[in-house]
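Let me begin by presenting the structure, written as structure tokens, before commenting on it.
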Amino acid sequence: MTHDSDQTDEPLNWGAAFFGWILPGFGQISIGHARRGVLAGVGVLGLFFGGLLIGGVDCVDRHEDPLWFYAQAGAGPIALASDWANSALLKSGKVGDLVETPAAMPRATPAMVSSFKTVTPANEIGTLYCALAGLMNVVVIFDALKRRPVERSASAGRR
Amino acid sequence: MTHFSNHLPGHLFGWIPILQPGGSLGNYWWLLLFPLVFGISIAYRATHETQLVGFWWRVVVFTVKSTIAMGSLGAAMYLFVYMIIPLLRVG
């Protein structure tokens, strides 16, 4: 296992952590570790958009899958935007059709769901991709929180 | 009734990326685990490497190791469920 000498007991970079949540990898970029931030961002965003391509925005649903959403929310505003798109576009019927599903109880009102909703492995795998993207971004955020900014790294190296 | 989706260019191809599920390769859904592990490896190695020299090679190695580890766990679970459990005596 490698240990990064850039991670020390110095003050935590709360601003970088916040930027890292806003856009995955931007936390590292904001403290001067541009390449590291871009690579981390490519990994996290690749996972998240991969999940959306496989399962659609239906994979991100804070009402129906709240526990999964807590993990997905680690990826930042893109998770919130995906949840909004799911509610505002799919569940409202603005995109696709609303189709009636069998009622869960004999006298219950049949639920209307989007024709773009899927219950196949595509939904499960897409949900997993987005959730792991969120969890990996938490790792990336903690890295940005503890990583020494480039100016301080350079001056420490000269000492 | 005309829907918003009818006006999207993607409708021409029968699939609207991001909004509509792309699918999971049917019985080959497990192949999607490889890009999953690859994405995790990129993010993990980007935060754990001291130097980024040879980054992509380390990502590939990490991906292969992780995939073999998960595959081994899957094989062990398969053997346990289909080989060992049937050997257990009931009662």
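Order of the sequence lines fixes the chain letters, A, B, ..., with proteins taken first and strands second; residue numbering starts at 1 for each chain.
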>> If we define contacts as heavy-atom pairs under 4.5 Å, which of B:I40, B:V59, B:L33 has the most with chain A?
In response: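 Max contact count across the listed options: B:I40.
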
>> Please check this pair: side chain of A:D83 against backbone of A:R62, looking for a donor-acceptor N/O pair closer than 3.5 Å.
In response: yes

> Going by an N to O cut-off under 4.0 Å, is there a salt bridge joining A:D143 and A:R36?
Replying inline: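 A salt bridge is absent here (no side-chain N lies under 4.0 Å from a carboxylate O).
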
>> With a 4.5 angstrom heavy-atom cut-off, is it the side chain or the backbone of B:F38 that approaches chain A, or both, or neither?
In response: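 Neither part.
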
>> Heavy-atom cut-off 4.5 Å, strictly under: side chain, backbone, both or neither for B:W56 against chain A?
In response: side chain

Specify the closest pair of heavy atoms between [X] and [Y], including all atoms of both residues, with the distance to one decimal.
X     : Y     : value
B:M83 : B:L87 : O-CG, 3.2 Å
B:S41 : B:T63 : OG-OG1, 3.1 Å
A:P24 : A:A75 : CG-O, 3.6 Å

> Looking at A:G56, A:A85, A:G126, which one has more heavy-atom pairs under 4.5 Å with chain B than the rest?
Replying inline: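 Top option by heavy-atom pairs under 4.5 Å: A:G56.
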
> So which of A:V57, A:I54, A:T120 has the largest heavy-atom pair count under 4.5 angstrom toward chain B?
Replying inline: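 Maximum pair count with chain B is reached by A:I54.
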
> Which bit of A:L132 comes within less than 4.5 Å of chain B, counting heavy atoms only: side chain, backbone, both or neither?
Replying inline: side chain

>> Using heavy-atom distances under 4.5 Å, tell me whether A:E124 contacts chain B through its side chain, its backbone, both, or neither.
In response: neither

> How are the rings of B:F34 and B:W30 set relative to one another: parallel (under 30°), tilted (30 to 60°) or perpendicular (over 60°)?
Replying inline: perpendicular

